[in-house]
Amino acid sequence: VAERAGVRPGVVHYHVHSIDELRRLAAVRGVEEFFGEPAERTLAGAHPGLDVAELLAALSPADPQDPRLLLLYESLVAAARDDELRTAIAETIGGFRARVITWLTELGVTDPVAVAVTLTAAIDGYLLQRALDPTLDPAPLVTGLRLVLGGFLPSDDGTRP
């Protein structure tokens with residue numbers, strides 16, 4: 001690890017006390033980066049109906065073997081056996097959900113908490129299903145979310161249905 005980082009081994013040992021801690025740090029950083037950059041890029045818009053599609057696209061790398069996606073899957077599996085990792089990933093995903101709530105609140109969406117929980121649960125489920133079927137297209141999910149959340153989300157042109 002030190003060699004790949006271009007530092008002396010003592011630097012790694014000073015900052016990281018065990019291989020388990022290093023794995024946790026890498027997993028949490030990977031999950032933060034997986035959700036963080038797409039959220040910041042896509043949740044800056046003013047039309048949730050459009051941005052939901054963009055967010056799903058951003059969270060769906062074309063290559064099902066994308067290292068970021070594989071790290072996410074492996075981290076979630078490992079979190080089932082590691083309480084510290086589970087807590088850290090839950091905080092990261094909670095931060096993502098809070099970002100979605102803030103975005104929806106700023107847009108004046110009716111019941112932004114309910115919409116955010118629904119959106120993030122749908123995204124989680126989609127990502128897990130995509131792990132099993134890399135050909136899974138997000139378009140039907142976007143359509144379904146628009147139907148289910150139709151009373152909450154403005155339409156693509158910014159008007160309410």
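The model shown is predicted, which means the values in this text are computed figures rather than measured ones.
- With contacts defined as side-chain heavy-atom distances shorter than 4.5 Å, the pair Val77/Arg81 qualifies.
- Side-chain heavy-atom separations under 4.5 angstrom define the hydrophobic clusters, and the remaining members of the one that includes Ile101 are Val113, Val117.
- In this structure, Phe34 and Leu71 have side chains that are not in contact, with every pair of non-hydrogen atoms separated by 4.5 Å or more.
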Review item, side-chain donor-acceptor pairs of residues 26-33, under 3.5 Å, at least two apart:
none

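- Annotation: the span from Leu104 atom CG to Leu119 atom CG amounts to 6.5 Å, rounded to 0.5 Å.
- One finds the CD atom of Gln65 at 5.0 Å from the CG atom of Leu70 (value rounded to the nearest 0.5 Å).
- Screening residues 117-131 for side-chain hydrogen bond (donor to acceptor under 3.5 Å, both in side chains) gives Ser60-Tyr126 as the qualifying pairs, with residues at least two apart or on separate chains.
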Between Ser18 and Asp20, does a side chain to side chain donor-acceptor pair (under 3.5 Å) hold up when you go through it step by step?
CA-CA 5 Å; Ser18 69; Asp20 287 339; 5.2 Å; no
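- Rounded to the nearest 0.5 Å, atoms OG1 (Thr143) and CG (Asp137) are 9.0 Å apart.
- Rounded to the nearest 0.5 angstrom, Leu85 CG and Ser75 OG are separated by 6.0 Å.
- Residues Asp82 and Arg24 come closest through the heavy atom pair OD2-NE, 2.9 Å.
- Here the CD1 atom belonging to Ile123 is positioned 4.5 Å from the CZ atom belonging to Phe96, to the nearest 0.5 angstrom.
- Nearest heavy-atom pair across Pro112 and Thr105 is CG-OG1, 3.3 Å.
- Annotation: the span from Arg97 atom CZ to Thr92 atom OG1 amounts to 11.0 Å, rounded to 0.5 Å.
- Residue Glu84 places its CD atom among 12 or fewer non-hydrogen atoms of other residues, nucleotides or ligands, all under 6.0 Å distant.
- When every heavy atom of Leu127 is checked against every heavy atom of Tyr73, the shortest pair comes out as O-OH, 3.2 Å.
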